[in-house]
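The structure under discussion appears below in the form of structure tokens.
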Amino acid sequence: MDEKTASELKILYGHSGPVYGASFSPDRNYLLSSSEDGTVRLWSLQTFTCLVGYKGHNYPVWDTQFSPYGYYFVSGGHDRVARLWATDHYQPLRIFAGHLADVNCTRFHPNSNYVATGSADRTVRLWDVLNGNCVRIFTGHKGPIHSLTFSPNGRFLATGATDGRVLLWDIGHGLMVGELKGHTDTVCSLRFSRDGEILASGSMDNTVRLWDAVKAFEDLETDDFTTATGHINLPENSQELLLGTYMTKSTPVVHLHFTRRNLVLAAGAYSPQ
């Protein structure tokens, strides 16, 4: 990592509490971190120093993420709001208010015009970055939401919660279009493969599950969207969509990442029984 010293490890000191979220900038020059101390910090990965501490949340900040093009980022926390920032501004540019409980996870839409926030109030909200308005509210989970991810084409959203379910949403129509059942505990991490064909879910039940996203979304024609009922008859076929379940011995899976070669990496803290 560091050519001069050949060391593989750098420790960034600055937060005065646990760090809950981190995000690399798209150009890999910066790192964001959000902490219990109520701040989001921007670190230089050239000098490995803290460039800015953004103070706006007065309570723990559970998540932060860079926009797909860098410069902008979003954060969400215990104060029930998400904030939109630019790296060169000390104050937030937008405050997304409306959730009734903690904002646990934040994600940018691939076109970076929208931000999705998942909350302990069991809803996911979609916000317009330009004017700060809430343009969609997705309801259906039976517990606090801990993970969300957009499909690479930007048409769909997958969300995971403490109820162990993964729900799939059509963003344009604002409707739930699928439910993936199988996990028995909180779904902490969701990621689409880079081509959007596979959805991986990681859970506190010590498993990673891979789902066939092509099959989940392929049958959706606009005729399915009956305006009268306002929802789709969900097919009860989530087992047909399950490509595989990968057990760990005793490791809750809290983070997933697809590499460019479509390897999926899973991370968690081993918990001896």
Side-chain angles (χ1 to χ4, degrees), residues 12 14-15 19-35 37-99 102-119 124-138 145 147-159 171-172 189-192 194 255 257-258:
L12 306 173
H15 285 296
V19 177
Y20 294 116
S23 175
F24 285 102
S25 63
D27 62 10
R28 300 288 180 258
N29 287 329
Y30 302 100
L31 175 71
L32 283 170
S33 60
S34 67
S35 163
D37 63 18
T39 67
V40 179
R41 284 178 180 262
L42 180 71
W43 308 84
S44 163
L45 298 181
Q46 262 75 49
T47 59
F48 297 103
T49 54
C50 179
L51 303 173
V52 197
Y54 301 95
K55 299 175 177 70
H57 297 271
N58 292 323
Y59 294 97
V61 187
W62 302 127
D63 197 21
T64 185
Q65 199 210 13
F66 261 114
S67 112
Y69 303 104
Y71 184 64
Y72 297 104
F73 65 94
V74 63
S75 63
H78 180 55
D79 56 8
R80 306 180 191 178
V81 298
R83 287 174 167 80
L84 177 79
W85 311 76
T87 47
D88 56 0
H89 287 253
Y90 281 105
Q91 298 296 325
L93 309 179
R94 290 267 180 284
I95 293 180
F96 304 120
H99 281 298
D102 295 41
V103 176
N104 290 329
C105 44
T106 55
R107 283 288 175 272
F108 269 95
H109 188 277
N111 68 15
S112 87
N113 291 329
Y114 300 95
V115 163
T117 54
S119 166
V124 174
R125 286 174 179 254
L126 192 67
W127 308 86
D128 186 317
V129 164
L130 291 174
N131 56 27
N133 292 343
C134 178
V135 293
R136 292 275 185 278
I137 301 179
F138 300 112
I145 288 142
S147 52
L148 36 97
T149 185
F150 285 99
S151 62
N153 65 11
R155 286 182 56 202
F156 303 103
L157 177 69
T159 59
I171 296 166
S189 182
L190 288 167
R191 285 287 185 280
F192 279 96
R194 302 214 168 205
H255 197 77
H257 177 74
F258 275 94

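Index from 1, following the sequence.
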task = Considering non-hydrogen atoms only, spot the tightest contact between G154 and H109 and give its length.
result = O-NE2, 2.8 Å

inquiry  = For the CD atom on Q46, are there more than 12 heavy atoms of other groups (residues, nucleotides or ligands in this structure) within a distance under 6.0 Å?
reply    = yes

ask   = Could you give the distance from OH (Y59) to CZ (R80), rounded to the nearest 0.5 Å?
value = 9.5 Å

query = Of all heavy-atom pairs between G56 and R83, which one has the smallest distance, and what is that distance?
reply = O-NH2, 3.3 Å

query = Hey, does V40 have a side-chain heavy atom less than 4.5 Å from the side chain of L32?
reply = yes

key: Rounded distance (nearest 0.5 Å) linking atom CZ of F192 with atom CG of L157   = 8.0 Å

note = Residues S151 and P110: closest non-hydrogen pair is O-CG, 3.6 Å

inquiry  = Between R94 (side chain only) and L130 (backbone N and O only), is there a donor and an acceptor less than 3.5 Å apart?
reply    = yes

ask   = Is S112 close to V129 at the side-chain level, that is, under 4.5 Å between some pair of heavy atoms?
value = no

query = Could you state the interatomic distance from CZ (R107) to CG (L190), rounded to the nearest 0.5 Å?
reply = 9.5 Å

message = Can you confirm if the aromatic rings of Y114 and F150 lie within a centre distance of less than 6.0 Å?
response = no

query = Can you tell me how far the CG atom of L45 sits from the CG atom of L31, to the nearest 0.5 Å?
reply = 5.5 Å

query = How close do D79 and H57 get, heavy atom to heavy atom, and via which atoms?
reply = OD2-ND1, 3.0 Å

query = Rounded to the nearest 0.5 Å, how far apart are CG of N29 and CZ of F24?
reply = 11.5 Å

message = Quick one, W62 and V103 - any side-chain contact, counting heavy atoms below 4.5 Å?
response = no

ask   = For R41, does its backbone N or O pair with a side-chain atom of T39 as donor and acceptor, under 3.5 Å?
value = no

key: Main-chain N/O of A22 paired with T64 side-chain donor or acceptor, under 3.5 Å   = no

ask   = Got N104 and Y20 here, is their nearest side-chain heavy-atom distance under 4.5 Å?
value = no

key: Side-chain touch D88/Y71, heavy atoms, less than 4.5 angstrom   = yes

query = How long is the span from the CZ atom in F73 to the CH2 atom in W85, to the nearest 0.5 Å?
reply = 6.0 Å

Shortest non-hydrogen contact between T117 and L148, atoms and distance = C-CD2, 3.8 Å

request  = Examine distances only and state if a side-chain atom of S25 and a backbone atom of G70 form a donor-acceptor pair shorter than 3.5 Å.
outcome  = no

Residues, nucleotides or ligands: over 12 heavy atoms within 6.0 Å of Y72 OH = no

ask   = Do you know the tightest heavy-atom contact between I171 and L126?
value = CG2-CD2, 3.6 Å

T159 side chain reached by F138 side chain, heavy atoms, under 4.5 Å = no

query = Is the closest side-chain heavy-atom distance between V74 and W127 below 4.5 Å?
reply = no

